[in-house]
Asks: 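Please find one structure pasted underneath; my questions will follow.
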Amino acid sequence: MPNTFSDYTTTSSGTSSGGSLAPAGKVEYWPLDKCRKAYSNYLDNKQEEISEQKNARRYYHGAHWTEEQIKALNKRKQPVVTFNRIARKLNGVVGLIDRLKQDPKAYPRTPRHEEGAELATAVIRATLDMGNWAAKSPEVALDAAIEGFAGIVIELGEQDEKGNYDIDFNPVEADSFFYDPRSYRSDFSDARYMGEAKWLDIEAAQELFPDHAEELAAVSSDTHDLSTNPDRENKWFSIEGGKQLVRLVDCWYQHKGKWCWTMFTGSMILDSGESYLFDEKARPICRYIMFSCTIDHDGDRYGFVRNMRSAQDEYNARRSRALFTANSRRLIMTQGSVSDIERARAEWARPDGVIVTNAQTAADGVKSDDQSFDFAGQLKLMENAIAELDNYGPNQALIGDISNQSGRAIQLLQQAGMAELGPYILGYKGWKIRVYRALFSAVQRYWTGEKWVRVTDNEGVAQFVQINGQQIDPMTGMPVMVNLIGELDVDIIMDEGQDTINAQQDVYETLQQIMPSIAPMLKPQEAAAAVGILIESSSLSASAKKTWREATQAQPDPAQEMAKKITLEGEAAKVEETKSKVQLNYAKAQGEGMPDGPGAPHKFELPPEYQMAKAEADIDKTNADATHKRATAYKATVDAELAPKWAVHDAAMEKAQFVQDAHNAHQDREMNDRKTRMLAHNRRGGDA
């Protein structure tokens, strides 16, 4: 199966090792002319897009001036000034997106699959860690911002002794990628074919395809019709005595309801087969998972550079012109005021120059033209270009000082700065979810043997989860399979959830906000649990949290325990005394009896059972009063402990509001300044 051009291996029969190539004569794949036609259609219909991608790459790397422009500037001795604001802005966008990244999380469709969802989450995160996702995903985000589209290619590596394949992924180079030119969707879901085309040394190609070694040796490197001719590849062919190269094209296409692939050159097909990747419904999928930054009305895909290039050109041109104006002098002189004009020009340019004028014109025969107005105008227009570049997407005024603000305040500021990046961020997030699902489906299919996955979510603890393991059932004594990853194909939905630190911070802030209102209603045990959760979810160090746990689990103070015991014994003595009085009164009533005669006066007393009930109610009331006093004292202690944290939180929120108010005031001042300048300009125009 074709993974990359560098690790493609074939067996003696010509089929790719481990691939799903059907037997000869059973499946007919695309012929060579159809494969070439697919690639040439992309080159013919996407020339404007390809040219814009080249130009965008040059702008990102600081090549903003054309050769003609540089020649013209050098001719007039004007400096070539390049301040690359586009690269700074795109790097800032990618850095912000990477800082807001989230970890993949699996959710169960039914309650009985909750444990399976946790297993799937651990597996997909381990797969991403092994593929170095933290370094490759920002590279894809930057490529999409520059080129207009980007993505990854999923690859299968070596097979271990357990029968498991290594699942890897790598970013796709945009200048070597091609796709169906009729595709218009940002996720390429409507593309009938896509692939990569790269130049490879003849020797390397022969090692990959030994059955075609002789045919490859006869291939000429003059196959530029199968190339987008990027700048970096043009240098390869400019080297004298360079190695002989061959253009290899890996084309993936939909054929008879399935995704298939064909590896070919300009004159022969090297290998073909069906897709070795499947989705959660066992349907074949393409190994290229791509997404687009933006698509215009012509169906061309482009990045951020298109909307920033004009402002960048104006900024460079005006800065160069302003510098040229500041270093230049124009002289106004009357005819015959100096004997040698060129000598006067040279002396005027020198800081200590001396110009000799004729006596009759010495007063005002030679003077410098005032260019301050032109210089100020260039600077003002240059500032507008800078503002246009800096205000695109997130900027420092919106990001603010994040070091001393709460997480909620930072989130509000970042949301304002990312409003213009909405379609790009949504496309990037959707692409990541598609990557997660594709990788998880590949894991289910190609991890068939026992495997251990390392889990590091728990703080300070390294855990390992066994996949496709075998254990002894304690009830039957028979071996059973556990954690079968292949059985989770229809019960898991891949999505994104907050990573560990963000979820922990969310718990802390939520509990911190509700504690003041619910503290009076909590029982002592509930209040202790709430304080424990608040400490564990805080940003305290692991050693501080450990000290807290040890303190709460330590042995109680003997003096406090003795006081509690005395209090309980006193309450018990009161209960016994009350019971004794009730029994005594009951005995007296029985011994004295009732007086004879209906008119005899007697003292009314409650029946004994009611007296017992009343005594027990008094006891319960006494206990309730004591419990209420202890709860009130505990609440006061908890409020005292949480008061500093509430104060820090309130101060952070006030600071965030202050930053927002300052930003709004700054915008109001800028608006008033623009209105004032416009009114002044209109008055000057009316006077003229």
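All figures in this text were calculated on a predicted structure; none of them were measured in a lab. All residue numbers refer to positions in the sequence shown, counting from 1.
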Asks: Ignoring hydrogens and geometry beyond distance, is a side-chain donor-acceptor pair present between Asp175 and Gln53 at under 3.5 Å?
Replies: no
Asks: Between Tyr42 and Ile50, is there a side-chain heavy-atom distance shorter than 4.5 Å?
Replies: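 Yes; the side chains approach each other to less than 4.5 Å.
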Asks: Return the CH2 to NZ distance between Trp65 and Lys71, rounded to the nearest 0.5 Å.
Replies: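 Those atoms lie 16.0 Å apart.
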Asks: With a 4.5 Å limit on heavy-atom distance, are the side chains of Tyr424 and Cys293 in contact?
Replies: yes
Asks: Under the 3.5 angstrom rule, does the side chain of Arg434 hit a backbone N or O of Met290 as a donor-acceptor pair?
Replies: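 Yes, because the side chain of Arg434 sits within donor-acceptor range (under 3.5 Å) of the backbone of Met290.
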Asks: One pair to check against side-chain contact (heavy atoms from CB on, under 4.5 Å): Lys432 and Trp133. What are the steps and the verdict?
Replies: CA-CA 11 Å; Lys432 288 195 297 182; Trp133 172 259; 3.8 Å; yes
Asks: Do Ser183 and Arg301 get their side chains close enough for a donor-acceptor pair, meaning under 3.5 Å?
Replies: yes
Asks: Answer yes or no: is there a donor N or O on one side and an acceptor on the other, between the side chain of Gln78 and the main chain of Asn74, under 3.5 Å?
Replies: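 Side chain of Gln78 to backbone of Asn74: no pair is present.
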Asks: So, the side chain of Gln254 versus the backbone of Ala191: is there a donor-acceptor pair under 3.5 Å, distance only?
Replies: yes
Asks: With side chains defined as the heavy atoms from C-beta onward, is the minimum distance between Ile289 and Trp431 less than 4.5 Å?
Replies: yes
Asks: So Ile86 and Phe304, do their side chains get closer than 4.5 Å, heavy atoms only?
Replies: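 Phe304 does not reach Ile86 side chain to side chain.
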Asks: Which of parallel (below 30°), tilted (30 to 60°) and perpendicular (above 60°) describes Tyr253 and His255?
Replies: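 The arrangement is perpendicular - the two ring planes meet at more than 60°.
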Asks: Quick check: closest heavy atoms across Thr121 and Pro104, and the distance to 0.1 Å?
Replies: CG2-O, 3.7 Å
Asks: Working to the nearest 0.5 Å, report the span between CE of Met268 and CZ of Phe209.
Replies: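 Output value for this atom pair is 10.5 Å.
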Asks: I'd like to know whether Arg182 forms a salt bridge (Lys or Arg N to Asp or Glu O under 4.0 Å) with Asp180, so could you lay out the CA-CA distance, the side-chain angles of the two residues, the decisive distance to 0.1 Å, and finally the verdict.
Replies: CA-CA 5 Å; Arg182 298 168 297 178; Asp180 186 355; 3.2 Å; yes
Asks: Give a yes or no answer on whether the side chain of Asp279 reaches the backbone of Lys281 with a donor-acceptor pair at less than 3.5 Å.
Replies: yes
Asks: Any idea which heavy atoms bring Leu32 and Gly266 closest together, and the distance?
Replies: CD2-O, 4.4 Å
Asks: For Trp252 together with Tyr276, are the ring centres under 6.0 Å from each other?
Replies: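 Yes - the distance between ring centres of Tyr276 and Trp252 falls below the 6.0 Å cut-off.
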Asks: Let's go through Asp300 and Ile295 carefully: what are the C-alpha distance in whole Å and the side-chain angles of both, what is the deciding distance for side-chain contact (heavy atoms from CB on, under 4.5 Å) to 0.1 Å, and is it a yes or a no?
Replies: CA-CA 6 Å; Asp300 290 339; Ile295 304 176; over 6 Å; no
Asks: How many angstroms lie between atom CZ of Arg36 and atom CH2 of Trp30, to the nearest 0.5 angstrom?
Replies: 14.5 Å
Asks: Does the side chain of Leu277 come within less than 4.5 Å of Ser441's, by heavy atoms?
Replies: no
Asks: Using only atom types and a distance under 3.5 Å, with no angle test, would you say the side chain of Asn41 pairs donor to acceptor with the backbone of Lys37?
Replies: yes
Asks: If you take all heavy atoms of Gly131 and Asp168, which pair is closest and at what distance?
Replies: CA-OD1, 3.8 Å
Asks: Would you compute the distance between atom NZ of Lys46 and atom CG of Asp44 and round it to the nearest 0.5 angstrom?
Replies: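 Here the interatomic distance stands at 12.5 Å.
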Asks: Check side-chain hydrogen bond (donor to acceptor under 3.5 Å, both in side chains) between Arg306 and all other residues, then give those that pass, not counting sequence neighbours.
Replies: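 Arg306 satisfies side-chain hydrogen bond (donor to acceptor under 3.5 Å, both in side chains) with Glu52, Asp296 once adjacent residues are dropped.
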Asks: If every non-hydrogen atom of Pro79 is compared with every non-hydrogen atom of Leu73, which pair is closest and at what distance?
Replies: O-CD1, 4.2 Å
Asks: Gln312 and Asn84: which non-hydrogen atoms are nearest, and at how many Å?
Replies: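 Smallest interatomic distance, heavy atoms only, reads OE1-C, 3.9 Å.
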Asks: Examine distances only and state if a side-chain atom of Asp187 and a backbone atom of Ser189 form a donor-acceptor pair shorter than 3.5 Å.
Replies: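 Present.
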Asks: Does any N or O in the side chain of Tyr193 come within less than 3.5 Å of the main-chain N or O of Ala38, such that one atom is a donor and the other an acceptor?
Replies: yes
Asks: Using only atom types and a distance under 3.5 Å, with no angle test, would you say the side chain of Arg287 pairs donor to acceptor with the backbone of Glu155?
Replies: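 Flag not set: sc Arg287 to bb Glu155 has no pair under 3.5 Å.
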Asks: Would a distance-only check, ignoring hydrogens and angles, find a side-chain to backbone donor-acceptor pair under 3.5 Å from Ser176 to Glu196?
Replies: no
Asks: Check whether any side-chain heavy atom of Ile152 sits under 4.5 Å from a side-chain heavy atom of Lys136, and report yes or no.
Replies: no
Asks: How about Tyr288 and Phe188: are their ring centroids closer than 6.0 Å?
Replies: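 Not close enough - the centres of the two rings lie 6.0 Å or further apart.
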Asks: So, applying side chain to side chain donor-acceptor pair (under 3.5 Å) with His64, which one of Asp313, Asn316, Thr82 is it?
Replies: Asn316
Asks: What distance separates Arg85 CZ from Leu90 CG, expressed to the nearest 0.5 Å?
Replies: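 The CG atom of Leu90 is 12.5 Å from CZ of Arg85, to the nearest 0.5 Å.
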Asks: Evaluate the criterion side-chain contact (heavy atoms from CB on, under 4.5 Å) for residue pair Phe169 and Leu128; output intermediate values, then yes/no.
Replies: CA-CA 9 Å; Phe169 51 87; Leu128 294 175; 4.2 Å; yes
Asks: Write down the atom of Ile285, the atom of Ala438, and the distance for their closest heavy-atom approach.
Replies: CD1-CB, 4.1 Å
Asks: Heavy-atom distance under 4.5 Å between the side chains of Val249 and Thr265, does that happen here?
Replies: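 Val249 vs Thr265: side chains apart.
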Asks: Before giving the answer on side-chain contact (heavy atoms from CB on, under 4.5 Å), spell out for Glu274 and Tyr29 the whole-Å C-alpha distance, their side-chain angles and the decisive distance to 0.1 Å.
Replies: CA-CA 9 Å; Glu274 295 182 7; Tyr29 301 105; 3.6 Å; yes
Asks: Side chains of Leu208 and Leu270: closer than 4.5 Å at any heavy-atom pair?
Replies: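 Heavy-atom side-chain distance check fails, nothing below 4.5 Å.
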Asks: Just by distance, do the side chain of Tyr59 and the backbone of Ile146 share a donor-acceptor pair under 3.5 Å?
Replies: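 Side chain of Tyr59 to backbone of Ile146, a donor-acceptor pair under 3.5 Å: no, none is there.
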Asks: Considering residues at least two apart in sequence or located in another chain, which fulfil the ring pair (Phe, Tyr, Trp, His ring centres under 6.0 Å) criterion with Tyr60?
Replies: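 Testing Tyr60 for ring pair (Phe, Tyr, Trp, His ring centres under 6.0 Å), a comparison that skips the adjacent residues, returns none.
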Asks: Near Glu215 CD, under 6.0 Å, is it more than 12 heavy atoms from other residues, nucleotides or ligands?
Replies: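 Counting neighbours around CD of Glu215, more than 12 heavy atoms of other residues, nucleotides or ligands fall under 6.0 Å, so yes.
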Asks: Angle between ring planes, Phe149 versus Phe177, binned at 30° and 60°: parallel, tilted or perpendicular?
Replies: tilted
Asks: Parallel, tilted or perpendicular, judged at 30° and 60°: which one describes the rings of Phe291 and Tyr428?
Replies: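 Aromatic pair Phe291/Tyr428 classed tilted.
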Asks: Measure the CG-CD1 distance between Leu439 and Ile124 for me, rounded to the nearest 0.5 Å.
Replies: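 Atom-to-atom, Leu439:CG and Ile124:CD1 are 5.0 Å apart.
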